[in-house]
*Asks:* 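Okay, handing you the structure first.
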Amino acid sequence: MTMSATDTAIDIDAAELDREALESVKLSSAAGGSRQRLPQRWFRHLSAMNRRTTIITFVVLGLLLGAATTTTVVFGRSVSQHDAKTAAAQSAQEAARSSIPTVLSYNFNTIDTEFPRVTDNLIGKFRIDFAELSSKVIIPIAHRDSIITTAKVVESSIVTADVDKVTVLLFLNQETSSAKYQGPRLDGSRIRVGMTNVDGRWLISDITPV
């Protein structure tokens with residue numbers, strides 16, 4: 001059969017279409033393969049990022065937890081120390097208000113037996129000095145002038161406080177009768193009292209007029 005020019009042109013066009021279709025399929029397949037591989041790379045990348053993010057998150061949380069724990073411990077210790085100092089200050093203040101009138105009050109009729117017991121409220125060098133002052137000065141003068149003196153605490157406040165040492169400021173009224181006076185004499189004074197905790201008992205370690 002004789003092919004015409006038209007038939008030849010159709011065959012060429014068909015061949016061209018086949019080649020274009022084949023190329024299209026190849027490109028489509030290549031693109032499809034690329035599309036198939038691309039999500040896998042994304043997932044691997046995202047997985048690696050998630051692992052790094054998880055590690056970083058745990059590290060940061062660990063640091064934050066450690067800092068929070070340290071802060072809690074420090075705060076707890078601070079509160080505990082504050083409570084201990086507050087309790088010590090209150091106990092020392094009460095002891096000072098109770099013992100100072102005993103130390104600073106005396107009666108010439110009973111001073112010889114009472115004053116030795118007074119030193120039981122004192123401690124350290126102050127106890128030694130007070131005992132010496134009493135025997136050499138206070139007791140002889142009390143007998144000589146028939147002195148009777150009574151000290152009362154009017155007010156008190158805390159100057160400094162620690163768990164075993166507290167300084168208390170006391171405001172006193174002291175009424176004194178003596179052979180030298182025509183009637184009782186009332187004096188007001190302020191003293192700073194050092195208190196020291198010895199085996200749970202607060203003792204006077206210093207008295208300073210202010």
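Owing to the predicted nature of the structure, the values given are computational and were not obtained by experimental measurement.
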*Asks:* Say you draw a straight line from CG of Asp206 to CZ of Arg192; how long is it, rounded to the nearest 0.5 Å?
*Replies:*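 Rounded to the nearest 0.5 Å, the CG-CZ separation comes to 7.5 Å.
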
*Asks:* Spell out, yes or no, whether Val118 and Val137 are grouped together once hydrophobic residues are joined by side-chain heavy atoms under 4.5 Å, including indirect joins.
*Replies:*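 Val118 and Val137: one cluster.
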
*Asks:* So how far is it from Glu155 CD to Leu172 CG, rounded to the nearest 0.5 Å?
*Replies:*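 It comes to 11.5 Å.
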
*Asks:* Using the side chain to side chain contact (heavy atoms under 4.5 Å, CB included) rule, pick out the option among Leu186, Thr149, Thr150, Ile148 that qualifies with Thr176.
*Replies:*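 Among Leu186, Thr149, Thr150, Ile148, the one that satisfies the side chain to side chain contact (heavy atoms under 4.5 Å, CB included) with Thr176 is Thr149.
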
*Asks:* Using modelled atom types and a 3.5 Å cut-off, is there a donor and acceptor pairing between side-chain atoms of Ser91 and backbone atoms of Ala88?
*Replies:*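 Checked: no pair found.
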
*Asks:* Supply the atom-to-atom distance Leu133 CG to Phe115 CZ, rounded to the nearest 0.5 angstrom.
*Replies:*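 Rounded to the nearest 0.5 Å, the CG-CZ separation comes to 8.5 Å.
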
*Asks:* To the nearest 0.5 Å, tell me how far Thr119 OG1 sits from Glu132 CD.
*Replies:*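 Answer rounded to 0.5 Å: 13.5 Å.
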
*Asks:* Where do Arg97 and Val154 come nearest, in terms of heavy atoms and distance?
*Replies:*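 Of all heavy-atom pairs spanning Arg97 and Val154, the closest is NH2-O, 4.4 Å.
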
*Asks:* Quick check: closest heavy atoms across Ser105 and Ala151, and the distance to 0.1 Å?
*Replies:*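 Closest heavy-atom pair between Ser105 and Ala151: OG-N, 2.7 Å.
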
*Asks:* Do the side chains of Met195 and Thr167 get nearer than 4.5 Å, heavy atoms only?
*Replies:*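 With C-beta onward as the side chain, the pair stays apart.
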
*Asks:* What verdict does the side chain to side chain contact (heavy atoms under 4.5 Å, CB included) test give for Val163 and Asn197, after you've listed the backbone C-alpha separation in whole Å, the side-chain angles of each residue and the deciding distance to 0.1 Å?
*Replies:* CA-CA 8 Å; Val163 292; Asn197 190 334; over 6 Å; no

*Asks:* Quiz question: by atom type and distance under 3.5 Å, do the side chains of Ser189 and Asp187 form a donor-acceptor pair?
*Replies:*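 No, Asp187 and Ser189 have no side-chain donor paired with an acceptor closer than 3.5 Å.
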
*Asks:* Let's go through Ile138 and Ile147 carefully: what are the C-alpha distance in whole Å and the side-chain angles of both, what is the deciding distance for side chain to side chain contact (heavy atoms under 4.5 Å, CB included) to 0.1 Å, and is it a yes or a no?
*Replies:* CA-CA 10 Å; Ile138 297 176; Ile147 297 175; over 6 Å; no

*Asks:* Can you tell if the side chain of Arg201 reaches within under 4.5 Å of the side chain of Asn121, non-hydrogen atoms only?
*Replies:*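 With C-beta onward as the side chain, the pair touches.
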
*Asks:* From Ile139 CD1 over to Arg144 CZ, what is the distance, rounded to the nearest 0.5 angstrom?
*Replies:*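 It is 14.0 Å, given to the nearest 0.5 Å.
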
*Asks:* Can you give me the closest heavy-atom contact between Ser98 and Pro101, atom names plus distance?
*Replies:*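 Smallest heavy-atom distance, with atoms named: O-CD, 3.6 Å.
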
*Asks:* Mind checking whether Gln93 and Ile158 have side chains closer than 4.5 Å, heavy atoms only?
*Replies:*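 Contact flag for Gln93/Ile158 side chains = yes.
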
*Asks:* Show your reasoning for whether side chain to side chain contact (heavy atoms under 4.5 Å, CB included) applies to Arg117 and Thr102.
*Replies:* CA-CA 10 Å; Arg117 291 197 298 268; Thr102 302; over 6 Å; no

*Asks:* What's the verdict on side chain to side chain contact (heavy atoms under 4.5 Å, CB included) for Ile191 and Leu104, showing C-alpha distance, side-chain angles and the deciding distance?
*Replies:* CA-CA 11 Å; Ile191 58 174; Leu104 299 183; 4.1 Å; yes

*Asks:* Measure across Phe108 and Ser146 and return the closest heavy-atom pair with its distance rounded to 0.1 Å.
*Replies:*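 Heavy atoms only, the tightest pair is CD2-C, 3.4 Å.
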
*Asks:* Looking at every non-hydrogen atom in both residues, tell me the closest pair between Val168 and Leu170 and how far apart they are.
*Replies:*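 Looks like CG1-CD2, 3.8 Å.
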
*Asks:* Check Phe130 against Val103 and note the closest heavy-atom contact, atom names and distance.
*Replies:*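 Result for this residue pair: CZ-CG1, 3.7 Å.
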
*Asks:* I'd like to check Leu122 versus Ile204 (side-chain heavy atoms, cut-off strictly below 4.5 Å). Are they in contact?
*Replies:*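 Of all side-chain heavy-atom pairs linking Ile204 with Leu122, at least one is under 4.5 Å.
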
*Asks:* State yes or no: do Val193 and Phe126 share one hydrophobic cluster built from I, L, V, M, F, W and Y residues joined by side-chain heavy-atom distances below 4.5 Å, directly or via other members?
*Replies:*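 Same cluster.
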
